[in-house]
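Atoms within each ligand, like the ligands themselves, are counted from 1 in listed order. Quick note: numbers below take in every heavy atom, side chains included, and nothing from hydrogens, waters or symmetry partners.
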Amino acid sequence: MALLGLPNAGKSSLLNRFLGQKLSIVSPRAQTTREKVLGIDTREGSQIIFTDTPGILETRYLLQEAMLEAAFEAMQDVDVRVFVLDAEDTGATPQENVLSRLRSDSAPVIPVLNKVDLASEGQLEALASWTREQFGTDGLRVSATTGEGMDTLRDRIVELLPESPFLYPADEISAQSVRFFVSELVREAAFELYGEEIPYSIAVRVEEFREGSEPLYIRAHLFVERASQKGIVIGEKGKGIRNLGQRARAKIEEFLGTRVFLDLWVKVLPRWKKDPVALRRLGYSWTESKG
Ligand SMILES: Nc1nc2c(ncn2[C@@H]2O[C@H](COP(=O)(O)OP(=O)(O)OP(=O)(O)O)[C@@H](O)[C@H]2O)c(=O)[nH]1
Ligand SMILES: [Mg+2]
């Protein structure tokens, strides 16, 4: 199944809540997730493969094209689509072209009103009547924060999933690399520390991951678009990058359950968000015609 919706609706938070583990990065700011994040949940004889996706957005540069494509690709590939709405933001409904894609026959849609812990009854009713119009059913009320409604949502998903042999071993939680999650956690720390456009101009790539070392040695490059941004990230006397390193290290240690030495380097990769060659180097992909 795929978690789909506008940016900031709470898709990644829902994935983490389902898995009972922090897998996908979360921030109060929109457009945090840039790629699909896979989470595998096996229990009581069923296996759900959750796909978190980037928020569906209007694209202005190539990175966003890749993000949008990842979301649409997930929408196409899955058996069940969970369409997440931010219930406290009644205006946040997507445009008709997105809705018609969502409603297309290839997979059922479960509309979900997330953040019920923040929303008023009036907001919930307004959105429920909107989902009734669009999908013929009231949005399921859930909260990724309190866990409200999540069991019901899980049951609905399982009901709609087709019978199939397990695709992954029962003890596996994701199919993506540890390097990917490490780089994501560095990005999450950057969202917490830096304002304005900085987190959006940062890409992270793990360059070295020394298995067997104690503490585990990880070297990562943090790419920014301009020299001025490098200055901001590093900060006065290196204070910024030290803070970032500490925060990111704590997150990575929690994720890996082991002590980590995190070696962060800031590099300028001019206009990487718009440059097909740079984007590919950073692991983003999209169909060729847009590159
Ligand atoms: N109060 C409350 N806050 C929530 C809930 N779900 C998510 N949030 C908050 O909403 C913000 C966005 O959450 P994310 O999970 O990053 O949202 P997203 O849909 O993955 O966003 P993008 O990756 O940018 O598309 C974060 O600050 C979350 O803590 C909820 O049920 N209740
Ligand atoms: Mg997200």
Problem set entry | Side chains of K36 and D77 in contact at under 4.5 Å (non-hydrogen atoms) | yes
Problem set entry | Side chain to side chain, L85 and T93, heavy atoms closer than 4.5 Å | yes
Exercise. Does an N or O anywhere in G55 fall below 3.5 Å from an N or O of ligand 1?
Worked result: yes
Exercise. Any idea which atoms of ligand 1 are less than 4.0 Å away from a heavy-atom of T145?
Worked result: 1 (N), 2 (C), 3 (N), 4 (C), 5 (C), 30 (C), 31 (O), 32 (N)
Problem set entry | Protein heavy atom at shortest distance from atom 29 (O) of ligand 1 | V26 CG1, 4.0 Å
Exercise. To the nearest 0.1 Å, how far is atom 8 (N) of ligand 1 from its closest protein heavy atom, and which atom is that?
Worked result: K115 CE, 3.7 Å
Seminar exercise, completed: The protein heavy atom nearest to atom 6 (N) of ligand 1 is N114 ND2, 3.1 Å
Exercise. Does the side-chain hydrogen bond (donor to acceptor under 3.5 Å, both in side chains) test come out yes or no for T287 and E69, once each step is laid out?
Worked result: CA-CA 8 Å; T287 43; E69 203 171 302; 3.1 Å; yes
For this session: Indicate yes or no: does an N/O atom of G10 lie under 3.5 Å from an N/O atom of ligand 1?
Result: yes
Problem set entry | Numbering as shown, the atoms of ligand 1 that approach L118 to under 4.0 Å (heavy-atom distance) | 1 (N), 2 (C)
Problem set entry | Protein residue, atom and distance nearest to atom 21 (O) of ligand 1, heavy-atom basis | N8 N, 3.0 Å
Problem set entry | Ring-face cation contact, W272 with R281, 6.0 Å cut, 45° max | no
Exercise. Has G5 got any heavy atom lying under 4.0 angstrom from an atom of ligand 1?
Worked result: no
For this session: Around atom 27 (O) of ligand 1, find the nearest protein heavy atom and jot down its residue, atom name and distance.
Result: P28 CA, 3.2 Å
Problem set entry | R81 and S106: CA distance, side-chain angles, deciding distance, side-chain hydrogen bond (donor to acceptor under 3.5 Å, both in side chains) verdict | CA-CA 10 Å; R81 300 166 178 163; S106 50; 2.7 Å; yes
Exercise. Is any N or O atom of S13, backbone or side chain, closer than 3.5 Å to an N or O atom of ligand 1?
Worked result: yes
For this session: Indicate, as side chain, backbone, both or neither, the part of K11 found under 4.0 angstrom from ligand 1 when only non-hydrogen atoms are considered.
Result: both
For this session: List the steps, then state whether side-chain hydrogen bond (donor to acceptor under 3.5 Å, both in side chains) holds for Q64 with E58.
Result: CA-CA 8 Å; Q64 291 180 325; E58 277 181 45; over 6 Å; no
Problem set entry | Electrostatic pair E184:K22 at N-O distance under 4.0 angstrom | no
Problem set entry | Whether S13 has an N, O or S atom under 2.8 Å from the Mg ion (ligand 2) | no
Problem set entry | Contact check: A9 vs ligand 1, nitrogen or oxygen atoms, below 3.5 angstrom | yes
Exercise. Does any N or O atom in D52 lie less than 3.5 angstrom from one in ligand 1, N or O only?
Worked result: no
For this session: Using side chain to side chain donor-acceptor pair (under 3.5 Å) as the criterion, point out the one residue from T32, T53, D52 that pairs with S12.
Result: D52
For this session: Look at E192 together with K251 and state whether they make a salt bridge at an N to O cut-off of under 4.0 Å.
Result: yes
For this session: Could you walk me through whether Y200 and Y61 pass ring-ring contact (aromatic ring centres under 6.0 Å, His included), step by step?
Result: CA-CA 12 Å; Y200 298 103; Y61 45 85; 8.9 Å; no
For this session: Check D117 against ligand 1 and report side chain, backbone, both or neither, counting heavy atoms closer than 4.0 Å.
Result: side chain
For this session: Compare all side-chain heavy atoms of P54 with those of R34 and state whether any distance is below 4.5 angstrom.
Result: no
Seminar exercise, completed: atom 23 (O) of ligand 1 sits nearest the protein heavy atom T33 OG1, 2.8 Å
Exercise. Should A144 be counted as touching ligand 1, given the test is an N or O pair under 3.5 Å?
Worked result: yes
For this session: Show which atoms of ligand 1 fall inside a sub-4.0 Å distance from at least one heavy-atom site of S143.
Result: 30 (C), 31 (O), 32 (N)
For this session: Would you check if D79 and L160 make a side-chain contact, meaning some heavy-atom pair closer than 4.5 Å?
Result: no
Exercise. With backbone taken as N, CA, C and O and side chain as the heavy atoms from C-beta onward, which portion of S27 lies under 4.0 Å from ligand 1: side chain, backbone, both, or neither?
Worked result: backbone
For this session: Measure the acute angle between the ring planes of F135 and W130, then classify it against the limits of 30° and 60° as parallel, tilted or perpendicular.
Result: perpendicular
Problem set entry | Heteroatom N/O/S of T33 within less than 2.8 Å of the Mg ion (ligand 2) | yes
Problem set entry | Ligand-side contact atoms (ligand 1) for residue partner A30, heavy atom cut-off under 4.0 Å | 24 (O)
